[in-house]
Amino acid sequence: MSKLLPMLKKAQNEGYAIPAFNYADIWELEAIIEAAELEKSPVMVASIPKVVDAHGCSVLAGMARPMIERAQVPVILHLDHSVSVEMCKEAVDCGFDSVMIDGSKLPLEENIASVKSVVDYAHARDICVEGEIGQIMGRGYEGNFEGGDYLVQVPEAVRLVEETGADSLAVGIGTAHGFYKGEPKLNFGRLAQVRDQLDIPLVLHGGTGIPEVDVQHSIRLGMCKVNVGTAIWHAHVQALETVFREQGLIHTIDANEFAKQKIREVVTNAIRMCMSCGKAE
Ligand code: 13P
């Protein structure tokens, strides 16, 4: 049976969220796992398609698997935001624990069809599937959270879950990927309406820059996985810039050891925001 579903259900029942962090390389992966161990938190480590395109699913899984096996906390290897059914299947074949098929930009019927085909393939191999409905805005550096038609439509969410059997669902409630241009405005009312109709674990995307109070309110309303990405690579690149500016050219190992401390700080704060400290079993 999949390891992830009981973790998400436990989080849902106990009122915290599983933090899910995007990583692009071994340094970020190590920093995430080390911080999770210090906080005794379960954690998800997730690759976006840009990272998969650069390295391939088998290399990513091969790098992560030994680190996951020796980790002192549960670590779930996840494929994030794949728009390709084929990439999801490849990740399943390579040993990922969980995949996301993001058909949120497609018409509903096509979204349902692509989630269903990933679910059929993944469930036969005990792997979890996350779908998405309603759009999470802003794939660039700065999110655009204005407007309304990107919000999850409750009947569509119900149909997608009922017709696909997805294990978890990312729902657009006004969050955006990347840094926010102003204060994010989350639509808690819409989240409550979704939760009222669906018992499935819900996923909050765009975790970078959402005030802690809003994240925790959305957790209380039913979000039980929170994604954080931009804050990770931003801390990494900024730390490298600092170390090269202050120390000149130093070995990549030393530069990245410095960067890891900074990434761990970001991860620790996010874990505390998710209220998942001490929840590793
Ligand atoms: P941020 O980059 O805004 O933290 O969002 C991450 C995310 O939602 C990945 O799926």
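For ligands, and for the atoms within them, numbers begin at 1 and follow the listed sequence.
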Enquirer: Test of understanding: with side chain to side chain contact (heavy atoms under 4.5 Å, CB included), list the residues that count as partners of Ala239, not counting sequence neighbours.
Expert: Phe258, Ala259, Lys262

Enquirer: Identify, with sequence neighbours excluded, every residue that meets salt bridge (Lys or Arg N to Asp or Glu O under 4.0 Å) alongside Asp254.
Expert: none

Enquirer: Taking only heavy atoms of the protein into account, state which residues are under 4.0 angstrom from an atom of ligand 1, in chain and number order.
Expert: Asn22, Asp80, His81, Ala176, His177, Gly178, His205, Gly206, Gly207, Thr208, Asn227, Val228, Gly229, Thr230

Enquirer: Would you say that more than 12 heavy atoms from the other residues, nucleotides or ligands in this model lie under 6.0 Å from the NZ of Lys10, or not?
Expert: yes

Enquirer: To the nearest 0.5 Å, how far apart are CG in Leu4 and CE in Met44?
Expert: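 Answer rounded to 0.5 Å: 4.5 Å.
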
Enquirer: Sorted by first residue and then second, give each ring-ring contact (aromatic ring centres under 6.0 Å, His included) pair with at least one member in residues 194-217; sequence neighbours left out.
Expert: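 Counting only pairs at least two positions apart or across chains, the ring-ring contact (aromatic ring centres under 6.0 Å, His included) contacts touching residues 194-217 are His81-His205, His177-His205, Phe188-His217.
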
Enquirer: Mind listing the closest non-hydrogen atom pair of Ala231 and Val266 along with its distance?
Expert: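 In this case the closest contact between Ala231 and Val266 is CB-CG1, 3.6 Å.
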
